[in-house]
Amino acid sequence: MPGTNPEQAAAVVLGELADLPHLAELPARGPGADVVGRTAALLVDLPVETTATGWRLAERRGRDLGRAAGYLSADLDALEAATQGYQGPLKIPLCGPWTLAAALQLTRSVEPALSDQGAVADLIASLAEATAAHVAAVQRRVPGARVLLQLDEPSLPGVLTGSVPTASGLRRVAAVDEPVAQEALRTVGTAGSVPYLVHCCARRVPFGVIAAAGATAVSCDLALLAESEHDSIGELAEAGLGLLAGAVPPLGPAKAGVGATPGRATAETIIRLWQRIGLPAATLTGQVVVTPACGLAGASPAQARAVLTQCRETARLIPELIEEGVR
């Protein structure tokens with residue numbers, strides 16, 4: 001979310017997304033409020049620090065970790081205050097193990113942790129323990145919540161194809177085998193004993209890997225889907241997984257045709273995609289959640305609210321348009 005005020009962000013989220021609120025991230029506050037810094041601050045026995053080029057594993061805890069922990073504490077305080085009496089699903093995002101391994105640098109090095117198998121193994125184990133503790137902390141603060149864990153994995157396609165660059169940019173880190181990637185996602189995703197989904201707002205989402213890792217749902221940017229990936233969506237849906245469909249551009253409502261609202265235009269787009277895949281329209285309302293295509297940190301507060309409003313309006317219109325027989 002945009003801005004630096006966690007109370008305002010929580011109020012907007014609860015106001016616009018009352019059926020599926022989430023713990024907001026406010027990266028505009030600086031290092032430690034970003035998804036990598038927030039998640040790294042939770043790691044168990046793996047301190048991190050900031051450098052001129054990003055976050056890296058460190059030998060001891062320092063001020064950077066304290067700042068990141070303070071941001072997260074303020075975010076949780078705001079969420080707890082905004083959800084008094086709330087009962088229902090609550091989504092909490094964390095950086096996934098592979099994107100974290102690609103983003104963090106090794107101790108006293110500028111090379112990505114992903115390049116060191118021992119560091120990756122330690123990172124996965126630490127993140128799993130941290131995830132379990134974080135889920136439990138949220139459940140204590142919002143006792144009526146049914147927590148849904150989201151692992152943000154924009155780097156996952158690059159990790160699997162061996163396209164993550166080394167520090168020099170002249171070489172690439174070796175590709176991670178799919179079974180290894182699956183096991184890490186499963187280890188971290190199931191650590192909190194709650195349903196989990198994987199969000200990947202990149203091209204060539206590895207749907208099969210995510211499904212095999214035991215995720216409950218996949219979140220992706222529909223605009224980046226190639227036609228060849230439609231079958232993968234169909235296979236996920238037939239297997240019972242949910243789809244968080246990133247259908248609304250994060251910098252403002254999509255343009256609608258003459259006589260159509262942005263919400264209606266987006267709803268029609270989702271319905272037609274479902275039909276092209278060959279899935280029964282009746283299953284759409286039970287398996288699809290309408291979301292922004294990606295994060296809203298780059299939007300203005302007004303744009304962010306408009307995007308969330310359009311998501312809600314789109315979801316409201318989908319069953320109506322299905323009944324009307326939109327094609």
Side-chain angles (χ1 to χ4, degrees), residues 1 12-22 88-91 146 148 150 195 197-203 205 207 210-211 215-296 299 302-327:
M1 293 288 286
V12 171
V13 168
L14 268 293
E16 298 294 335
L17 305 175
D19 294 327
L20 181 55
H22 63 270
L90 173 65
K91 185 160 66 72
R146 300 193 305 274
L148 173 63
Q150 173 176 308
L197 67 98
V198 175
H199 169 66
C200 183
C201 54
R203 295 187 183 277
V205 178
F207 293 106
I210 294 170
T216 301
V218 179
S219 173
C220 64
D221 182 347
L222 293 188
L224 298 182
L225 282 181
E227 192 169 340
S228 59
E229 295 176 284
H230 290 179
D231 287 345
S232 296
I233 294 289
E235 291 169 4
L236 291 182
E238 289 175 348
L241 274 73
L243 174 66
L244 276 72
V248 181
L251 295 182
K255 293 181 180 179
V258 176
T261 64
R264 182 182 179 96
T266 306
E268 290 174 348
T269 296
I270 294 172
I271 292 170
R272 286 170 182 147
L273 171 64
W274 212 248
Q275 291 170 337
R276 282 198 303 275
I277 293 172
L279 296 166
T283 65
L284 195 159
T285 54
Q287 287 186 264
V288 174
V289 175
V290 182
T291 75
C294 203
L296 302 177
Q303 285 174 323
R305 188 185 290 271
V307 168
L308 298 182
T309 298
Q310 186 181 336
C311 289
R312 191 180 69 245
E313 177 69 4
T314 298
R316 184 187 68 79
L317 286 170
I318 283 176
E320 295 180 13
L321 295 178
I322 290 174
E323 193 153 324
E324 289 177 12
V326 168
R327 294 191 176 280

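Owing to the predicted nature of the structure, the values given are computational and were not obtained by experimental measurement.
Heavy atoms from other residues, nucleotides or ligands lying under 6.0 Å from CZ of Arg312 number more than 12.
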Test log, rule side-chain contact (heavy atoms from CB on, under 4.5 Å), inputs Leu243 and Cys220:
CA-CA 8 Å; Leu243 174 66; Cys220 64; 4.0 Å; yes
Assess the residue pair Leu296 and Gln303 against the criterion (side-chain contact (heavy atoms from CB on, under 4.5 Å)); give the C-alpha distance rounded to whole Å, side-chain angles, the decisive distance to 0.1 Å, and a yes or no.
CA-CA 8 Å; Leu296 302 177; Gln303 285 174 323; over 6 Å; no
Intermediate values then yes/no, side chain to side chain donor-acceptor pair (under 3.5 Å), Gln150 and Ser219:
CA-CA 9 Å; Gln150 173 176 308; Ser219 173; 5.2 Å; no
Go through it in stages, so that I can follow the logic: the residues are Val288 and Trp274, the test is side-chain contact (heavy atoms from CB on, under 4.5 Å), and I'd like the CA-CA distance, side-chain angles, deciding distance and then a yes or no.
CA-CA 10 Å; Val288 174; Trp274 212 248; 3.6 Å; yes
Taking it one step at a time, do Glu268 and Ile271 satisfy side-chain contact (heavy atoms from CB on, under 4.5 Å)?
CA-CA 5 Å; Glu268 290 174 348; Ile271 292 170; 5.7 Å; no
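With rounding to the nearest 0.5 angstrom, the CD1 atom of Ile233 is 7.5 Å from the CG atom of Leu222. For the atom pair CE of Met1 and CZ of Arg305, the computed distance is 8.0 Å after rounding to the nearest 0.5 Å. In this structure, CG in Leu148 is found 7.0 Å from OG1 in Thr216, a value given to the nearest 0.5 Å.
Using a 4.5 Å cut-off on side-chain heavy atoms (C-beta onward), Ile318 and Val290 make contact. Between Val13 and Lys91, every side-chain heavy-atom pair lies at or beyond the 4.5 Å cut-off. At least one side-chain heavy atom of Glu238 sits under 4.5 Å from a side-chain heavy atom of Leu279. Under the 4.5 Å side-chain criterion, counting only non-hydrogen atoms from C-beta, Pro249 is not in contact with Val307.
In this structure Cys200 satisfies the side chain to side chain contact (heavy atoms under 4.5 Å, CB included) test together with Pro157, Ala202, Val205, sequence neighbours excluded.
With hydrogens and angles disregarded, no donor-acceptor distance shorter than 3.5 Å links the side chain of Glu313 to the backbone of Gly263.
Listed here is the closest heavy atom pair of Ala247 and Ile270: CB-CD1, 3.8 Å. A pairwise comparison of heavy atoms in Ile322 and Ala281 identifies CD1-O, 3.4 Å as the closest pair. Residues Pro319 and Thr285 approach most closely at CB-CG2, 4.0 Å, considering heavy atoms. Nearest heavy atom pair, residue Ala293 against residue Cys201, reads O-CB, 4.0 Å. Of all heavy-atom pairs spanning Cys294 and His199, the tightest one is SG-NE2, 4.3 Å. Here the shortest heavy-atom pairing between Glu229 and Leu224 reads OE1-O, 3.9 Å.
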